[in-house]
Structures are given as structure tokens and as C-alpha cells.
Protein chains: 2
Amino acid sequence: MLNNILFYSLEKAIKRYRRFAQANIDRAGIAITIDQWLVLHVILENDDLTQAEIGERVFKDQASVARIIALLTGRDLLAAVPLPHDGRRTQMRVTAEGQRVLDAVQPIVLSNRETALRGLSDADLTTLRVLLERIYTNCTSPPQAPE
Amino acid sequence: MLNNILFYSLEKAIKRYRRFAQANIDRAGIAITIDQWLVLHVILENDDLTQAEIGERVFKDQASVARIIALLTGRDLLAAVPLPHDGRRTQMRVTAEGQRVLDAVQPIVLSNRETALRGLSDADLTTLRVLLERIYTNCTSPPQAPE
DNA sequence: GCAACTTCCATGATATATCATACATCCTTT
DNA sequence: AAAGGATGTATGATATATCATGGAAGTTGC
């Protein structure tokens, strides 16, 4: 039964956290989604990643990243500069407005995390992380034998 | 920094698990999504819930439940019988085909959970659950004072 | 320098999440 | 019974997730 309810607790916690975090951003009057913020943040730190590489860092697939980038570009938080040496790609640049949004969201994200983790010790966090990573790796190589 | 990466681990674990679980259902040749299965399962156990009540049990909102029910009904896994005493509602009934799908998916779900949690002790699961519940409650009452 | 392969991105189709709203139906109060 | 409020459902708009595919551009082997 523990086994049974664990994934409920997981879903429950993550969904609640996401709703909570988004609500706090909304309440601050900042028009960006958490997912868009994540992508923008990654691009700020490394502007020469492919969409697939960005996706790896935020656990999204390339298609999702492409659409998020399109939205960020449409809102002028991100600008695409063609790369001369590779016609398939463009270099992403966070615009001044994008930087403003990042700066505005940053303290909210920190506060969200702090609130969400209130009462959890460092040891708790480590335990949690280790167990979650274990679940991740357990799900990574499919169990079925070669056919 | 622990704080920092925890939510990454959370996202990572849950997304991986969902992909893993869905892949195993797909591989078994069963045409249903995990979310549809969840809703169908809840309805089987209790066929006189409102969409909002179903949503509470699977952490979805009423709109999502409505759409999932529409899909299940369209695939004849679920049938809607009007309730005589309340014209707004219909009673949901899992069809024979729906029951077949539930039965087929059940062992896969059990095996998915077992695989995902391999190597975690009961104590680990309890710890995990307690910590996740704590995150949930931490995010539940917004921190800001009444206005 | 061309064919085959690979990489990168865009996009269609479908499912879900969220918010908001519309609509019908019920219930309560007077 | 009529008005007002509450409840249950459907649906629009937008964002994301996933799979699949198409097309452009790069690379490799010959």
C-alpha cells in the first residue's frame, strides 16, 4: 500500500508546488510561466545550446522547448541571432526585457522554494534527493530482457 | 544548493516515471493513457462522484476530468447514464470494454511501481511520503497575510 | 561533388493543465 | 412561484507534453 500511495504523494506535491509557485509569480504581476522562466534561465547561463540540450537541462523534449522559445521570442524576452557557421541554428540572446523578468522572478523563486521546503533539514533534502534519483534510475533502463 | 536541485530531482523523477509507465502500457498494446486509466479506475470504485470530486482524487481540475471523461466515453470505455433526480449529472458506468482495459492495465501498473521503487525499503517509502506531504502542506496556505 | 546519413528546428496531432466563463439545473428564501 | 445563489458540466483560450514527421543544413564516405 505504501508503494500504492507514494506516486499519489509525488503527483500531489509536485502539482501543488507548481501551482503555488505560478500563483506567486502571477501575484507579482509578472507575465511568465514557470516553464518559460526555466528555459530563459538556462539560456541566460548558456546561450549556445541546441533546443535538445536545453531540454535535457529542464526535462523537456525538443518540441516543447521549441514552442517555449517561440513564445519567449514573441514576447521579446528572447532574441534569435543567426549563427553564421551553422545555418540550422540561431544563437539565443536574453533581451533587456528578458533580463528584467529574470531579475524580478528570481527572488520569488527563491522564496517559493524556501516556503515549500520549510521544516525540512539538509539531511531530509539529501534523503529526498537520493530516493528520487533512485526512482529515476529505476525507470531508466526498461526491465524487459532483450528479445 | 540542495534546496536548489531538489525540485529538479522531483521533476526528473516524476517525468521519468510517467514516461516509463506509459511506455509499458503502450508496449502491451493497450490504447489508454495513464491519466485516463486513473480516472477510469476512480470511477469504477465509485460511480457517483462529480467531476470535481474525481478531480480531487487524481489531482486534476474539473475541466481536465471533463475532457478525459469525454475521451473515455468516446472510446466506449465509459458510458453515461442520466441521473433521474438531478438533470445536471449523469452516472458514469465502466463498460465491459472498460473493465477489460482496467484488468489488462492493472498488472502493468503494479509492475511499474515495483520496478520504480526497487531498492527502496518501507522505511524509505514512509520517509519519502512524509517529506512529500510536508512540501504539499507547505505550499497549501499561501504565506501572505490576509489583506 | 554527390549520395547517404545525421543534426537541428518547426510543426501537426493528440492529450493534459489551468483559468475563465457560459449554461443548465438545482436549492433556498421569501 | 419567482429571484438569487449554488452546483455540475462543457468549452474556449493558452501553455505544455509527447510522438511523429518534414525540411533544411551540415557531415561523411566514396
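Chain letters run A, B, ... following the sequence lines, proteins first and then strands; every chain starts at 1.
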**Complete:** Atom CG of L72(A) and atom C1' of dA15(D) are separated, to the nearest Å, by 12 Å
**Prompt:** How many Å lie between CG on D35(B) and C1' on dA17(C), as a whole number?
**Reply:** 10 Å
**Prompt:** Does any donor-acceptor pair link the side chain of R88(A) with the base of dT7(C) at a separation under 3.5 Å?
**Reply:** yes
**Request:** Give the rounded distance in Å between these two atoms: CD1 of I43(B) and C1' of dT9(D).
**Result:** 14 Å
**Message:** Taking the nucleotide of DNA chain D with the nearest heavy atom to each, does L83(A) or V65(A) sit closer to the 5' end?
**Reply:** V65(A)
**Message:** Assess the residue pair L10(B) and L10(A) against the criterion (side-chain contact (heavy atoms from CB on, under 4.5 Å)); give the C-alpha distance rounded to whole Å, side-chain angles, the decisive distance to 0.1 Å, and a yes or no.
**Reply:** CA-CA 8 Å; L10(B) 245 177; L10(A) 245 178; 3.2 Å; yes
**Asked** Using a heavy-atom distance cut-off of less than 4.0 Å, which residues of residues 46-53 of chain B contact DNA chain D?
**Response** T50(B), Q51(B)
**Prompt:** Between atom CD1 in I69(A) and atom P in dA15(D), what is the gap in whole Å?
**Reply:** 15 Å
**Request:** Could you tell me the separation between the CZ atom of R16(B) and the SG atom of C139(A), rounded to the nearest 0.5 Å?
**Result:** 8.0 Å
**Message:** Taking I32(B)'s backbone N and O only, do any of them form a donor-acceptor pair with Q22(B)'s side chain (distance below 3.5 Å, no angle check)?
**Reply:** yes
**Prompt:** Mapping R89(B) and E11(B) to their closest nucleotides on DNA chain D, which lands nearer the 5' end?
**Reply:** R89(B)
**Request:** Decide yes or no on side-chain contact (heavy atoms from CB on, under 4.5 Å) for N46(A) and R57(A), but give the supporting numbers first.
**Result:** CA-CA 11 Å; N46(A) 196 334; R57(A) 284 170 169 70; 4.3 Å; yes
**Asked** Taking atom C1' of dT16(D) as reference, at what distance in whole Å does atom CD1 of I14(A) sit?
**Response** 14 Å
**Fill in**
Separation of dT16(D) atom P from Q22(B) atom CD, nearest Å, is 21 Å
**Prompt:** Are D61(B) and K15(A) within salt-bridge range, i.e. N to O under 4.0 Å?
**Reply:** no
**Prompt:** Between the side chains of S121(B) and D124(B), does any donor sit under 3.5 Å from an acceptor?
**Reply:** yes
**Asked** Does the S9(A) side chain pair with the main chain of R129(B), one donor and one acceptor, at a distance under 3.5 Å?
**Response** no
**Prompt:** Under 30°, 30 to 60°, or over 60°: which ring-plane class applies to Y8(A) and F59(B), parallel, tilted or perpendicular?
**Reply:** perpendicular
**Asked** What is the distance, rounded to the nearest whole Å, between atom CD of Q36(A) and atom C1' of dT14(D)?
**Response** 10 Å
**Request:** May I ask you to test the V105(A)-L40(A) pair for a side-chain heavy-atom distance under 4.5 Å?
**Result:** no
Using the 3.5 Å cut-off, write out each protein N or O paired with an N or O of nucleotides 18-23 of chain C and the distance between them.
from	atom 1	to	atom 2	distance (Å)
dT18(C)	O4	R67(B)	NH1	2.8

**Atom-pair distance (NZ on K12(A); P on dA17(C)), nearest Å** = 17 Å
**Request:** Would you mind classifying the nucleic acid contact of L71(B) as base, sugar-phosphate or nothing, using non-hydrogen atoms under 4.0 angstrom?
**Result:** sugar-phosphate
